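Given the structure is predicted, the values throughout are model-derived calculations rather than measurements. Chain naming here is simple, since letters A, B, ... match the order of the sequence lines and numbering starts at 1 in each.
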There are 2 protein chains.
Amino acid sequence: MARYKVSRQTVQNAVDLLRREGLVTGRQGAGWFVREKPAVLRLASSRLRRSERDAGRGASLTDAAQGGWTLDSKATIRVEPACERTATELRIETGAEVLIRDRVITADGHPVQLAVSRLPRTLTEGTAIERENPGPGGIYARLEEAGHQLERFEERVTGRLATADEVSALRLDPGSPVLAITRTAYDTSGTPLEINDMVLAGERYELIYDLPAD
Amino acid sequence: MARYKVSRQTVQNAVDLLRREGLVTGRQGAGWFVREKPAVLRLASSRLRRSERDAGRGASLTDAAQGGWTLDSKATIRVEPACERTATELRIETGAEVLIRDRVITADGHPVQLAVSRLPRTLTEGTAIERENPGPGGIYARLEEAGHQLERFEERVTGRLATADEVSALRLDPGSPVLAITRTAYDTSGTPLEINDMVLAGERYELIYDLPAD
DNA sequence: AAGTGGTCTAGACCACTTG
DNA sequence: AAGTGGTCTAGACCACTTG
């Protein structure tokens, strides 16, 4: 204000621009700080390979191994009747039981990803998928053990601004961009087994996809 | 201001929040308007298949066919010496000639994507790749005709906020999220042939990737 | 206690559009 | 001309931190 002879509000607007560009963070009472360039986590597309599951690594842990991060997650498990969207996408009846695994994934202790996974209850009842820790290779390994051979995954990616809930869960600054990914897992008969809605801090992740030319 | 008995600035801040969430747009002198939910353009991963090129469709046109959009693009072609990053990624010498195709892609007349494509000049000299319109199947078809068989593509995706330049080029509201994709095309010997830096209006696109399970 | 950031009021002026 | 949005000044108060 003194240096440029402008009012408080003008400085606030200026510094708010820098905040929204992700360059600085303000802490009330403490000051404005240049933001540390957040290290990029890479989700190589190899993370969904069967060889990784066979080696006992779930999709998230494969990422961790790649980037040198210590990944961890807390899961809340619950059963709910399928809403219309879920029913359509899982091709089950509206109201049928759905197992929901609601996870917060942390990297070196910091929350970096939200993941809400939905499966028809008929596939999960009595399996380790209903436990917080589903064991080596994750839920995909358990599905295959139960005879549901996976064939392919589809990921749909969009970019948008974080909602208020995401801002608080991922400790983002308001107005931060996120990557929203919806992954569907299909078995060899083309039946969807799982839908996973993920939200990632946009600037902390780089997604890597490998695509064949023919 | 009258309804809630608050000051002008307070209303401005409130409405600015809605703007950043992508819900409304302000036009000076005209008013605030609820933003039309922008239709989603889908980039199916099939867009890089050889069958599409053989059918005469480039990657962008395949998108268009899928979503019912009329896609168009304006390209500026230029030759520059390779900067360090480009040289490393294309595995050529710093300063070697690079062909740059700088494109703005429009959907139904509205700019929706920026794409800057870089290829070693040695691959493009005397080919239609150096023309604004490279012909049916796009530059990938021309590369294969010249004997450079494509094997795979790698796409790296991040989410971030639009820069000031991107805001004006894509007619975005300030603070809008974008998807930044860097695609590298490799031939059968594993040599990179092209690097394409794309910037997409985050909320207008949904990227679709297909991943095999094994 | 003094110095930060965050947000607010009241009033002003300019650019743009015509509800 | 009157009504919009955008931005600014000057001053105020509260929450939080300790430069």
Side-chain angles (χ1 to χ4, degrees), chain A residues 1-39 106 108-112 159-178 199 201-204, chain B residues 1-39 106 108-112 159-178 199 201-204:
Chain A
M1 292 168 64
R3 167 137 39 130
Y4 296 101
K5 291 192 181 109
V6 293
S7 74
R8 188 170 184 71
Q9 190 64 241
T10 305
V11 171
Q12 189 74 34
N13 288 347
V15 105
D16 223 52
L17 254 178
L18 295 176
R19 185 181 62 66
R20 293 209 306 267
E21 284 175 21
L23 301 175
V24 299
T25 334
R27 282 209 309 278
Q28 195 163 339
W32 283 95
F33 301 90
V34 173
R35 217 160 89 166
E36 285 176 60
K37 179 79 186 169
T106 55
D108 294 347
H110 304 287
V112 291
R160 58 171 174 78
L161 294 183
T163 65
D165 284 353
E166 290 158 3
V167 162
S168 78
L170 295 174
R171 317 254 168 83
L172 300 172
D173 285 316
S176 295
V178 295
V199 176
E203 294 160 315
R204 306 192 64 149
Chain B
M1 291 170 63
R3 169 138 37 132
Y4 296 103
K5 291 193 183 109
V6 293
S7 74
R8 188 168 184 72
Q9 191 65 242
T10 305
V11 172
Q12 189 74 35
N13 288 346
V15 106
D16 223 52
L17 254 177
L18 295 176
R19 186 182 61 68
R20 293 210 305 268
E21 284 174 22
L23 301 175
V24 298
T25 333
R27 281 208 311 277
Q28 195 162 339
W32 283 96
F33 301 89
V34 173
R35 217 159 88 166
E36 286 176 61
K37 181 78 185 169
T106 55
D108 295 346
H110 303 289
V112 291
R160 58 172 174 77
L161 294 181
T163 64
D165 284 353
E166 289 158 3
V167 162
S168 78
L170 296 174
R171 317 255 168 83
L172 300 172
D173 284 316
S176 296
V178 295
V199 176
E203 294 159 315
R204 306 191 64 149

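- The side-chain heavy atoms of B/Arg160 and B/Val199, taken from C-beta on, include a pair separated by under 4.5 Å.
- B/Ala162 and B/Val178 get closest at one heavy-atom pair: CB-CG1, 3.7 Å.
- In DNA chain C, stems built from 3 or more consecutive Watson-Crick or G-U wobble pairs, each with both distances under 3.5 Å, span C:1-18 with D:1-18.
- Heavy atoms of other residues, nucleotides or ligands lying less than 6.0 angstrom from OH of B/Tyr4 number 12 at most.
- The CG atom of B/Leu18 lies 11.0 Å from the OG1 atom of B/Thr25; values are rounded to the nearest 0.5 Å.
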In B/S/- notation (B base, S sugar-phosphate only, - none; protein heavy atoms under 4.0 Å), nucleotides 6-12 of chain D written 5' to 3' is BBBBB-B

Does the pair A/Arg8 and A/Val11 meet the rule for a side-chain contact (heavy atoms from CB on, under 4.5 Å), with working shown? CA-CA 5 Å; A/Arg8 188 170 184 71; A/Val11 171; over 6 Å; no

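- Rounding to the nearest 0.5 angstrom, the gap separating the CG atom in B/Leu170 from the OG1 atom in B/Thr163 is 9.0 Å.
- Nearest approach of A/Gly159 to B/Pro177, heavy atoms of both residues: O-CG, 4.1 Å.
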